[in-house]
Amino acid sequence: MELWTNGAGLSLTVVLPLVGAVIVGLTPRASESLQKVVALLTSLATLAVTVGAALVFEYGQGAGFQLGTDRPWIPGIDATYAVGIDGISLPMLALSAFITVLAIIYSWNHWDEPKNPKAFLLLILVLAAGMNGTFIALDLVLFFIFFEIVLLPMYFMIGIWGDKTPRSVPIFGITMETRLYAALKFFVFTLFGSAFMLLGFLALYFNADPQTFSIPGLIAQAPALGALPFAGWIFAGLALGFAVKVPMWPFHTWLPDAHTAAPTVGSVLLAAILLKLGSYGFIRIAIPVLPEQAKEFAPAIAVLAVIGIIYGSLACLAQTDMKRLIAFSSVGHMGFVMLGIATMTEIGINAAIIGMVAHGVITGLLFFLAGSMHHRYHTREMARLGGNLALMPKMGWILSFTAMASLGLPGLAGFWGEFMALLGAYNPLPGLDAGLFRGAMVTGAIGTVLTAGYLLWMLQKVNLGEPKAEWAGHEFHDVDRYEMTAWLPLLAFTVLLGVYPKLVFGATVPAVEALVQTAFGG
Amino acid sequence: MTFEIDYLAIGPEIAVALTVMAVLTLDLLLPKSQKYWTGVVAVVGLMVAALPLLQLVADGTTRTMLDGSWVVDDFALVVKALFLVSGYLVLLMSVGYIESDRYYEGEYYFLLLSSILGSLVMASARDFITLFIGLELVTAPLFLLAGWRKGDVRSNESALKFFLIGVLSAAMLGWGMSFVYGLTGTVSFTGIDAALGGLLADEAMRPAAVLAVLFVMTGFAFKISAVPFHFWAPDTYEGAPTPVTAYLSVSSKAAGFVGLLVVCYQAFGSAREIWAPTLWILAVLSMTVANLSALNQTNIVRLLAYSSVAQAGFMLVPFGAAAVGGADLGQTFSATIIYIIVYAFMNLGAFAFVLAATRRTRSGLISAYAGLGTRAPGLAFMGAVFFFSLAGIPPLAGWYAKFVMFSSAIGAGDTWAIVLAAIAAVNAVIAFYYYAKVVKTMWFDAAPETPDKDVSMVPGSLQLSLALATVLVFAFGILPSLADTLGRAAQL
Amino acid sequence: MTLVQYLLLSSALFSLGVYGLLARRNAVMVLLAIELMLNAVNVNLIAFEAWIRDALAIGQVFSIFMITVAAAEVGIGLAIVLLVFRSRETANIDDFNLMKG
Amino acid sequence: MFDLSLAANWVFLLFAVVALLGGGTVVLSRNLIHAALGLVATLSSSAALFLILGAEFVAWVIIMVYVGAVIVLFLFGIMITRAPIGREVSLDNERRGMAAGTALVLFATLAWASVSAFGDVELTGIGEPTSTDTIAEALFGRFVLPFEIVSFVLLAALIGGIVLARRDATPDEGNPV
Amino acid sequence: MSRFAPLLFRLAEETGEHGDEVHHAVEAGVTSGWAVENVWIMLLLPFVAAFLIVLFGRFDEKWGHRLAVTTTVYMFLHGSWIWYLNITQGVLYEKSIVIAEIGSNWVLEWGWVVDGLSSMMYFVVGTVSMLVFFYAVGYMKGEIRYAGFFAAFSLFAGAMLVLVAAPNLAQLIVGWELVGVASYLLIGHYWEDKTNSSAGMKAFFTNKVADVGLIIGSIMLATAVGSFRISDILTAAEEHAHDLEAVAVVGAILLFFGAMGKSAQFPLHVWLPDAMAGPTPVSALMHAATMVTAGVYLLGRMFPLFEGLAGVEARQWVMWIGAATLLLTGLIALVQRDIKKVLAYSTLSQLGYMVTALGAGAYTAGLFHLFTHAFFKALLFLGAGSAIHAVHSNDMHDMGGLRKFMPRTYATFLVASLALAGIIPLAGYWSKDEILVGINAAEGLPASEFVLWVATVGAFITAFYMTRTVALTFFGQYKGHGHPHEAPAIMTWPLMILGVFSVGVGWVNIPGVYTGFTDWLAVRAHAIVEHHVEGANWIEATEWGVALPGLVAGVLGITIGVIVFGRDEGTQAERDRFRIPVLYPLLENQYYIDDFYLWLVGLIKGPLARAIDWTNSYVIDAVVNGVGVLMAGLGRIVYGGVDQRGIDFAFTAFAGAAGGSGGLLRRLQTGRVQQYAGAFVIGAVLLVIGFTLFR
């Protein structure tokens with residue numbers, strides 16, 4: 001079909017949400033249901049396009065990008081509107097489109113103060129455009145644009161609908177509202193990273209011959225680029241930009257604040273998709289374009305990843321705020337993703353991708369749950385919760401299930417990412433220090449114990465035990481229709497991915513194989 | 001010797017000059033209540049001036065006259081178009097502002113148009129005398145306009161400071177030009193360029209040559225308000241009427257850059273070893289000092305003043321990158337132009353927003369914008385667009401300006417250029433903080449209890465300028481080739 | 001006669017002007033100092049022209065422009081001083097410190 | 001070098017000293033009127049020097065424009081602003097030392113550059129006045145555009161100056177920014 | 001010895017050099033057919049049941065047992081059928097369904113293995129599950145979350161089957177951890193009480209710690225071989241593949257570490273006694289068939305590796321740990337008052353036997369003990385549950401004299417106790433005897449004589465505490481409240497069936513008479529080499545030098561037990577309070593291992609976690625915030641100090657040197673415009689000088 005051969009189909013994943021955003025923006029502020037319907041329909045249409053793309057996608061074809069196009073955009077700097085997907089981006093694109101729909105469904109009757117559905121839905125749709133765009137972009141400039149576009153809506157989401165309780169900044173004796181602190185921190189941190197990432201992109205461009213921003217074009221020139229005397233610096237710039245987004249220790253501190261402060265849907269999108277932009281960047285750009293440098297940096301990445309795993313888990317154990325605990329857990333989980341990437345092997349990178357998808361599904365759901373519980377209890381202090389399973393059985397069981405999935409229970413989605421990352425780390429790419437990676441593997445495996453520890457501990461505090469006296473007279477509404485509609489698909493996917501990981505591997509394996517073959521010569 | 005005048009080549013200038021006269025005459029004839037017609041004439045005049053410009057564009061050939069002292073090439077056409085459009089936007093912004101008080105409408109437009117005329121002259125001037133006079137014509141009316149709010153002592157003070165520094169810079173510029181003349185025996189750029197290289201190589205001549213080059217640069221450094229020649233800017237910006245400030249920060253600054261571009265790349269082309277490192281230092285100083293200073297500002301206009309100093313620093317980055325031997329001068333040249341083009345519209349937008357917002361808040365304090373997001377969402381949206389564009393966040397136009405700026409530095413490839421790029425990158429992050437602070441105040445802070453004093457409609461002309469700037473900021477951001485093509489066409 | 005003697009004279013005048021600009025308190029005095037500087041430029045231009053003697057007498061033409069501009073500047077400067085004086089009842093520059101930001 | 005056997009040099013010395021004394025008065029005098037008169041002295045001496053150098057036209061322009069018009073303007077300014085006429089202690093600010101230092105460094109730099117570059121240039125053919133024709137031709141030929149443009153500078157200064165200097169019946173209410 | 005005709009695999013029956021060493025390997029009659037090809041139904045059904053119970057349980061709680069019991073009946077039938085096929089013909093079947101292929105050599109699969117070992121487990125799991133499920137229908141009647149209980153129960157059994165069926169290590173890990181989760185849910189069934197939920201957490205968490213070993217070990221072995229398939233790994237082990245050789249010992253020990261968690265070996269045993277917090281049927285199932293046997297099963301499954309390539313170096317640890325467990329936990333059982341805790345520690349001790357046996361290389365003996373133990377231990381728990389159900393207390397000091405009230409329970413419990421004590425001819429005797437013989441034969445292993453002594457002493461201890469338990473519970477006077485009465489039929493029927501098993505299952509492997517069990521288990525794809533006793537009849541075949549001390553130890557234990565607790569029925573509780581000074585507190589506190597773990601966990605959760613959190617806020621974040629504050633401060637300095645004061649800044653330093661500090665303040669307040677101008681000029685001059693001097 002024409003739609004799929006000229007890139008129009010893929011472009012729709014960006015254009016549709018934007019069109020939706022404009023329509024929502026034009027509706028009168030009072031007609032909320034119209035806005036909701038428009039937003040839902042656009043996101044569903046986007047999902048449909050993504051599904052369509054997944055259907056026409058040729059899975060067997062490893063190398064090369066499909067369904068894309070390459071059109072002139074900014075001739076002055078040789079930047080083109082180049083889009084396309086391969087087996088690595090397809091799952092991420094699908095995840096993004098999928099989570100967006102659920103976020104909008106969930107938003108149907110959940111509005112954080114100061115409500116204003118029009119603005120909120122508009123931001124979700126803009127965010128969706130940015131996220132989808134990042135996953136289809138095949139030009140560094142285009143990638144950069146989409147990578148940055150997501151910042152704005154998220155900044156506003158956190159800043160306007162975020163947590164309004166005061167937060168004191170230790171040591172400096174400053175007190176400000178959590179949302180303001182978090183929004184600023186989120187933005188400045190990411191901007192800092194991406195500024196250096198941009199410098200890296202430019203350095204790649206100028207040292208390529210012919211000069212190009214095209215990702216496939218640069219990959220084709222990887223040997224020459226890798227031989228540059230300062231290629232290590234270029235990689236460091238790229239890595240800094242991506243590492244902040246992932247986030248890797250020690251660039252992670254924006255994450256707990258941003259996730260905790262963001263409104264529920266914001267946290268969900270942040271955790272489910274935005275973090276993946278960083279790790280995706282590593283796989284899509286940093287490694288294939290500068291494989292030799294990636295190899296040089298791999299031990300450092302692995303060490304930081306493992307520190308992140310242990311550090312994140314231990315930090316979780318010290319949290320009293322449920323949402324903050326879940327937020328910190330992302331540091332650990334993304335540590336596994338990065339460990340997988342650091343191995344530079346097929347198995348590790350596949351692990352990273354399925355880990356990303358699984359983390360998106362599971363942690364997204366956890367944030368939904370944390371939000372809904374906050375909605376009902378008006379507190380996230382675990383010391384005040386307890387007996388949730390008795391007060392709201394459905395909510396409680398879903399929470400238990402999701403926590404189990406999050407701790408990497410085999411048979412559920414989270415397992416493969418962790419397990420295979422460890423598997424990859426045991427036998428990293430030849431040439432990498434196997435001893436170090438094996439040490440990382442053991443430490444990472446110990447991290448899984450700690451992960452289990454804090455999640456079980458959270459369950460015990462929140463779900464189990466007798467309900468606290470303060471909730472004695474309260475009527476709690478268990479999971480409602482919209483919540484269930486938004487969560488059931490996630491639950492289903494958690495099981496499906498666990499039982500049949502080929503859902504993701506089917507797409508990724510040939511692509512990753514090609515990637516590793518090209519980068520490291522097999 | 002006879003000198004032919006090519007009237008088409010000075011067509012835009014003639015049109016503007018006629019408009020100036022028309023405005024002045026009309027001001028004399030019209031009764032007080034009808035003075036707004038002067039504004040209308042001014043706007044129309046600028047539009048008319050675009051006609052010869054379009055003709056020249058269509059014509060396509062480079063026109064040279066008066067012994068090469070007046071050149072109409074692609075560079076001149078692009079920047080003239082920029083001056084006309086930004087002048088047009090400033091006029092639109094001025095209409096409501098000037099009407100709202102007793103601001104001597106006719107004289108105001110007269111002075112503004114004179115300044116625009118000066119900037120047009122600068123674009124084509126290829127000798128020092130013409131350039132000097134053009135520069136003075138840009139600046140002199142602005143000294144006066146800065147003090148236009150006669151009842152406000154801050155305005156008076158700002159005019160005085162601006163004037164004193166301006167004249168000092170004119171004196172230094174004059175001194176420098178006199179030395180250039182003395183050293184080379186000519187004032188035409190091509191002649192100077194030919195002679196300067198030898199002079200710099202001559203041990204005895206070198207001090208004088210350096211002095212000449214740097215004193216000339218000083219004059220332009222004042223105009224673009226680069227640190228440490230920027231001290232007038234915050235005070236003057238704060239005190240001057242806001243449309244004038246907008247003009248100062250955009251057109252006047254752009255005129256300074258145009259002068260700097262032709263002087264550096266043409267007249268002092270062989271003195272790159274002098275001006276490029278100098279501007280490297282000025283770029284670093286401007287970015288760093290201005291950005292850090294801006295962090296603590298409470299007044300919106302003063303904040304924008306420091307912002308514009310910092311942006312000047314970013315615009316100087318390509319010059320600094322040119323210090324590298326192997327730098328692609330075409331690249332660095334067009335990087336500055338593209339930056340100026342993009343900057344013009346987002347900064348004008350920011351000022352238009354300030355004008356519109358201040359009509360509601362009746363205060364220049366940033367904190368007064370609290371809750372604007374709920375009180376006037378459309379306006380606050382545009383404000384966010386302009387401020388984030390200034391911060392360089394995609395998909396707003398500012399990103400591309402920053403992009404080409406970084407690109408020129410990285411493209412030069414030398415360590416110093418990359419250090420400059422890294423400093424610029426850190427500065428871009430710092431700058432984000434204060435731009436975001438304004439947006440934060442508008443959108444995140446709670447609205448004050450007291451209702452707005454004046455919720456009257458924003459004047460149509462101001463709305464138009466806001467809308468135009470918003471559209472352009474989005475258009476340049478999403479399709480940067482619009483600005484890119486113009487910028488790259490504009491080669492000397 | 002040597003060129004440099006004129007140049008030294010103008011350098012001295014220029015420097016005196018700078019001193020006045022920096023040290024004087026009264027705005028009118030500062031204006032006077034600036035005139036001194038602009039005049040120094042003229043001395044330069046004429047001296048150079050006397051040496052170069054180009055066909056167009058560029059130095060002289062330039063100095064005429066310089067004088068014209070200087071005259072305009074004086075007019076503007078005095079108007080501003082007058083304006084400031086009217087609102088502040090002083091011409092003392094030290095007092096112009098309203099905007100500290 | 002400076003040749004004292006040449007009469008022109010004595011003339012130069014005379015006017016140069018007057019010019020410098022005048023300049024000194026401008027920046028050092030504690031009396032505004034004296035300062036203004038100091039400027040007159042400087043400008044007149046430079047006009048004389050211009051005559052020596054053959055720039056007749058410029059010399060007369062200086063006399064007419066500056067001594068005739070500008071100084072009068074200044075005196076008006078001095079009187080309108082009720083500037084203290086007579087000895088005034090506080091005419092200089094506290095940064096005299098700093099200002100003097102700056103000026104000295106500047107002078108040293110300028111002098112060094114001048115001497116280094118033009119230390120050995122002899123001015124020959126002095127006293128042949130440039131004909132006004134030449135200047136007119138340049139002004140209306142090669143430099144016609146700046147000539148036209150500079151009129152706008154003057155016009156702007158004139159009109160704007162009037163507006164600013166004019167005393168308004170009622171002060172405007174003042175926009176906040 | 002009966003042998004089946006070789007069909008698929010090589011027949012490897014060779015008599016060892018010493019006559020008593022037998023290589024046995026595969027001889028299978030059944031390699032296809034409905035029963036073995038459709039094991040997936042048995043694997044999937046419990047999960048479907050669990051899902052359906054969750055779905056329908058809220059409409060009617062009865063769906064809980066309806067679905068669950070139906071499932072287990074099916075499991076029993078299918079498992080029994082396969083077991084029957086194995087007994088009669090031998091079964092060997094393996095099926096794998098690819099779920100993902102990664103790269104060139106990594107394949108992820110779901111599948112099932114049917115061979116002697118797994119069909120034994122299918123049978124045990126199916127049978128014991130079914131009986132316990134029936135029992136639970138009565139036991140759990142009216143309890144909170146009745147349906148949910150059965151859902152988790154089904155999950156428990158299903159997970160165990162997934163583990164047992166695993167043809168590859170990845171699936172094994174999946175089943176392994178699912179068992180852990182199900183146990184977490186079941187132990188913490190009464191989660192309103194924090195003790196119970198903590199017990200669940202402890203079980204899960206301890207297992208998770210051990211799983212690290214399993215996962216790393218699996219990864220090491222699988223990487224060395226290039227496949228997760230157990231058969232590939234074992235083939236490589238048989239062929240002494242070079243890659244595997246390098247990691248075999250470490251990998252095997254790590255696998256054993258994983259097994260230590262599930263099979264609760266010392267010192268990872270701490271979770272098992274706490275797991276008594278769950279309802280009694282859970283304990284019965286967990287101790288008999290579904291969870292603790294997993295570790296032993298794993299050792300059995302990987303036995304060719306342990307026996308061959310990993311060798312003594314790995315196996316000695318297995319044996320020692322097993323011996324330590326059987327002795328140390330047996331001792332603790334002596335001092336327990338909670339009847340279920342006694343049984344729990346006895347389970348630990350018996351697991352120690354099994355592990356010791358496998359460590360010593362006695363493959364059949366270890367698994368045979370697993371087989372017999374499953375029945376009598378399930379029976380003991382169900383009997384204890386029945387007693388608890390009657391007196392509403394776990395404390396044996398609240399019981400006493402129950403034989404009068406609950407004759408059926410008493411009779412079956414007694415039989416099971418004797419079986420456990422290893423009294424001839426009950427089931428336990430035969431398996432324990434074989435273990436002792438196996439240890440005796442393990443000459444190559446260091447300290448095997450000592451371990452034999454430990455095992456013999458263990459037999460004495462076992463007999464002693466079981467006697468104590470029976471005495472305190474069923475003899476003497478009733479010390480509790482109310483009138484205890486016999487449990488309903490649905491609970492006693494399973495008891496009696498299990499009683500029959502407890503008596504008879506040992507007879508399937510009597511040396512010299514009928515060694516069917518040995519053959520049944522030998523049906524597998526990879527050869528096992530072990531010491532095996534042959535002879536005309538069991539008296540001849542039995543190595544009495546080993547068997548007799550074991551039997552005597554058991555009898556002695558019972559005798560002393562009867563002497564201590566049996567005589568004066570009125571004061572037995574009194575005598576039970578007898579304390580041996582140092583030893584008793586040590587046993588009472590389980591050698592303080594629990595306390596050590598609690599301290600450790602507390603350390604991690606408390607100070608360490610807080611330290612990390614502190615680091616986050618006060619170090620990393622402090623840097624981040626510090627940069628922000630620094631920038632703001634720098635901004636103030638630059639703005640106020642440099643930008644707004646201009647050159648004064650420089651000149652103040654100038655003047656300061658000259659001692660002119662008096663003018664400082666005034667300087668700072670003077671006219672700014674001239675400072676600007678000064679900066680302007682100075683800036684230009686400095687540049688000129690700079691460029692001229694430093695070109």
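Below, each value reflects all heavy atoms present in this structure, side chains not excepted, and no hydrogens, waters or symmetry copies. By convention in this document, chain letters (A, B, ...) are assigned in the order of the sequence lines, proteins followed by strands, and residues within each chain are numbered from 1. Source: prediction; values computed, not measured.
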Sub-3.5 Å donor-acceptor pair from the side chain of K150(B) to the main-chain atoms of R166(D), do we have one?
yes

What pairs meet the salt bridge (charged side-chain N to carboxylate O under 4.0 Å, His left out) rule with one or both residues in residues 156-165 of chain D, with sequence neighbours excluded?
none

Quick one: salt bridge (charged side-chain N to carboxylate O under 4.0 Å, His left out) pairs with a partner in residues 36-65 of chain D, sequence neighbours left out?
none

What distance separates [X] [atom1] from [Y] [atom2], expressed to the nearest 0.5 Å?
X: S116(D); Y: E203(B); atom1: OG; atom2: CD; value: 8.0 Å
X: E136(B); Y: L154(D); atom1: CD; atom2: CG; value: 11.0 Å
X: F118(D); Y: M205(B); atom1: CZ; atom2: CE; value: 5.5 Å
X: I162(D); Y: Y104(B); atom1: CD1; atom2: OH; value: 11.0 Å
X: F152(D); Y: L113(B); atom1: CZ; atom2: CG; value: 10.0 Å

Can you give me the closest heavy-atom contact between [X] and [Y], atom names plus distance?
X: G160(D); Y: L111(B); value: CA-CD1, 4.1 Å
X: L211(B); Y: A113(D); value: CD2-CB, 4.2 Å
X: V163(D); Y: E107(B); value: CG2-CG, 3.4 Å
X: L144(B); Y: G161(D); value: CD2-N, 3.8 Å

Is L158(D) close to chain B through its backbone or its side chain, or both, or neither, when contacts mean heavy atoms under 4.5 Å?
neither

Where does L155(D) contact chain B at under 4.5 Å (heavy atoms): side chain, backbone, both or neither?
both

Which of residues 139-150 of chain D have a heavy atom under 4.5 Å from any heavy atom of chain B?
G141(D), R142(D), F143(D), V144(D), L145(D), P146(D), I149(D), V150(D)

Report which part of [X] has an atom under 4.5 Å of a heavy atom belonging to chain D: side chain, backbone, both, or neither.
X: F179(B); result: side chain
X: L66(B); result: both
X: V20(B); result: side chain
X: L145(B); result: neither
X: A204(B); result: both
X: L137(B); result: both
X: F215(B); result: side chain
X: V244(B); result: neither

With chain D as the partner, which of L199(B), V121(B), L131(B), D127(B) has the greatest number of non-hydrogen pairs under 4.5 Å?
D127(B)

Out of A17(B), G147(B), A125(B), return the one with the most heavy atom pairs under 4.5 angstrom to chain D.
A17(B)

Those residues that, when tested against D120(D), pass side chain to side chain donor-acceptor pair (under 3.5 Å) (two or more places apart)
none

